[in-house]
2 protein chains.
Amino acid sequence: MPAPLDPADPPVPDPELTGPELAGPELAGPELAGPEAAALAAFRAARWPTPAVTVDLCVFTVLDADLKLLRVLRDQPPFAGAPALPGGFLRVGDGIDDRGEDLDAAAARVLAEKTGLPDGACHLAQLQAFGAPQRDPRMRVITLAFWAVVPPELAPLVAARGGAAWQSLAVQRPPLAFDHEQILAVALRRLRAEAEAPGVVGRLVPAAFSAPELRAALEAVTGQAIDRGNFHRRFERMLEAGAVEEAPGKRITGRRPAKVYRFTGG
Amino acid sequence: MPAPLDPADPPVPDPELTGPELAGPELAGPELAGPEAAALAAFRAARWPTPAVTVDLCVFTVLDADLKLLRVLRDQPPFAGAPALPGGFLRVGDGIDDRGEDLDAAAARVLAEKTGLPDGACHLAQLQAFGAPQRDPRMRVITLAFWAVVPPELAPLVAARGGAAWQSLAVQRPPLAFDHEQILAVALRRLRAEAEAPGVVGRLVPAAFSAPELRAALEAVTGQAIDRGNFHRRFERMLEAGAVEEAPGKRITGRRPAKVYRFTGG
DNA sequence: CCAAAAGTGTTAACAGTACACCCATGG
DNA sequence: CCATGGGTGTACTGTTAACACTTTTGG
């Protein structure tokens, strides 16, 4: 079971994260009148035990026809030294007046923190929640898992930042900490299922790409070979549908050069 | 945005739900020694603001070739009197020694509470988390949405219990409270995508069913007509694959009786 | 010229669509 | 006997898989 908790792991109470406790009665009242006010105050005064909520990211990219995952190395126990998914706490504010950030915004923020990439450059979508009671040995932590795809041209930029690095998924590797292997398995299924969806397939290759490059990227993602001829016809359909268009230039590979294309915004 | 909170809505602090606050330093230490103990204690002592976490269910059934949703009526503001998805709080225990229940277990428990149905009789799977900051006007609440399919033969049993009732999705209806319409939309997409998956299709019809009944159920779920002849061939493939088998008896409908089948456990 | 990779074509099998037809039953 | 609906067949179409062939390049 995982909690990213990242570099500034547990014992560093970020002033932005720590605030007044959740729903203290003395914080109860914003501006509300009528019969609802009583119910509101009572609702907030009742203290349910609440779990810690984190966001974990499965960030993928395809480099050199090889599917890679962004991983950090934990510097705190538990699992100190082990690789893990990048993640962070969901910002909740005080829960009453300051409601904190949306789930998607939290994922985008963590992604930006770990990669330094501008928002919108990557595909980012929610996977599901993971919350087995013992998934974090320290306390009850529920994580909202997201998956993301970073365009190959941007991938080298993220490695420069501290901690994070690209790990090939095609080779033997040490297991991820917590239940992150389980999360990765679900994310991989989702990535494969949606590899050809608009918004995803466009991030598997550079902005300008050749048909063989796209085929190789899809092969890297799905893990199985794609017939060249059959793929070419699928690609021609994408051309006719207007999903891709020819781009200027040619791809020089040492042998016969290939035409280059780009995905159309629309 | 939603928080089910259900009959026993906010101001009734369930003794099973309320416990010591999360991660008080005085609760820090179970049995752990070595250098990890310090980090553990520090981690637990640091208090992050945590959101309330609930579980909301989109429970479907097909009755009389009509797709229906299980809904409750709220008896507390906000949205008093409005229909809503059944739901409840995730049990977390104290988060340290008592870790509470798994997410799937929470969903199964809420489903059992609202329907009285035995576990395993229904298909139940996680959808995703919904947590827009203002989805509940009272405070920050994150809900883990699940979707479920109840076999038609068991559906009449649930209406007997308090509050919950089946609402047809084919007719005009008042909107659900909070963001439950948004959750329902996602759940419907998922139901339609997985309607023919094993474990789902078997819950759309009674244990003994005729081919036309299954066709009608799928039509009710997807909302569009299915050709009889084409469906028959698909059904024959299911027969040959061993997914379904003939059952004794005939379906007497007033016209020509139809053969009855049942889904095979394997 | 040759190897390698890009690009093109051919074919069979299969699944989906649309529609026509027969058969069994209750009234 | 007849209307209704269960059950069956057929022709057309589009997609996929498998594989052979041609073209273009660098060495």
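Values below: every heavy atom of this structure, side chains too, minus hydrogens, waters and symmetry copies. In the text below, chain A, chain B and the rest are named by the order of the sequence lines, each starting its count at 1.
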Original post:
For B/Ser168 and B/Trp166, what are the C-alpha separation, side-chain angles and deciding distance, and is it a side chain to side chain contact (heavy atoms under 4.5 Å, CB included)?
Top reply: CA-CA 7 Å; B/Ser168 170; B/Trp166 294 109; over 6 Å; no

Original post:
Does the ring-ring contact (aromatic ring centres under 6.0 Å, His included) test come out yes or no for B/Phe130 and B/Phe178, once each step is laid out?
Top reply: CA-CA 11 Å; B/Phe130 291 81; B/Phe178 300 105; over 10 Å; no

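Distances were taken from every side-chain heavy atom of B/Lys259 (C-beta onward) to each of C/dA18, C/dG7, D/dG7; the shortest belongs to D/dG7. With distances taken from any side-chain atom of B/Arg256 to the nucleotides D/dT25, C/dT25, C/dG16, the minimum falls on C/dT25.
A/Asp102 places no side-chain N or O within 3.5 Å of a backbone atom of A/Ala105 that could act as its donor or acceptor partner.
Residue A/Arg228 places no side-chain N or O under 4.0 Å from the OP1 or OP2 atom of D/dA17. Contact check, B/His232 against D/dG7: no side-chain N or O comes under 4.0 Å of OP1 or OP2.
Residue order along DNA chain D, read from the 5' end via each residue's closest nucleotide, puts A/Gly229 first among A/Pro257 and A/Gly229.
The CZ atom of B/Arg233 sits 10 Å away from the C1' atom of C/dC14 (whole-angstrom rounding). Rounded to a whole Å, the CD1 atom of A/Ile226 is 16 Å from the C1' atom of D/dT15. Here the P atom of nucleotide D/dT16 and the CZ atom of A/Arg234 are 7 Å apart, to the nearest Å. In this entry the distance linking CZ of A/Arg237 with C1' of D/dT13 reads 13 Å, nearest Å. One can place CG of A/Asp227 at 17 Å from P of C/dT11, the figure rounded to the nearest angstrom. Summarising the geometry, the separation between CD on A/Glu236 and P on C/dG7 is reported as 11 Å, rounded to the nearest angstrom. Taking atom CD of residue A/Glu240 and atom C1' of nucleotide D/dT15, one finds them 14 Å apart after rounding to whole Å. What separates CD of A/Glu246 from P of C/dG7 is a distance of 10 Å, to the nearest Å.
The one candidate from B/Leu191, B/Val200, B/Val201 that meets the side chain to side chain contact (heavy atoms under 4.5 Å, CB included) condition with B/Val221 is B/Leu191. Applying the side chain to side chain contact (heavy atoms under 4.5 Å, CB included) test between A/Phe146 and each of A/Leu85, A/Val55, A/Val59, A/Val110 identifies A/Val55 as the sole match.
Across all strands shown, A/Arg251 has no heavy atoms under 4.0 Å from either base or sugar-phosphate atoms.
In this model, a side-chain donor or acceptor of A/Asn230 finds a partner on the base of D/dA18 within 3.5 Å.
By the 4.5 Å heavy-atom criterion applied to side chains, A/Leu214 and A/Tyr261 are not counted as neighbours.
Taking the charged nitrogens against the carboxylate oxygens, B/Glu196 and B/Arg234 do have a contact shorter than 4.0 Å, which makes a salt bridge.
Near DNA chain C, defined here as any heavy-atom distance below 4.0 Å, the residues from residues 195-223 of chain A are A/Pro212, listed numerically.
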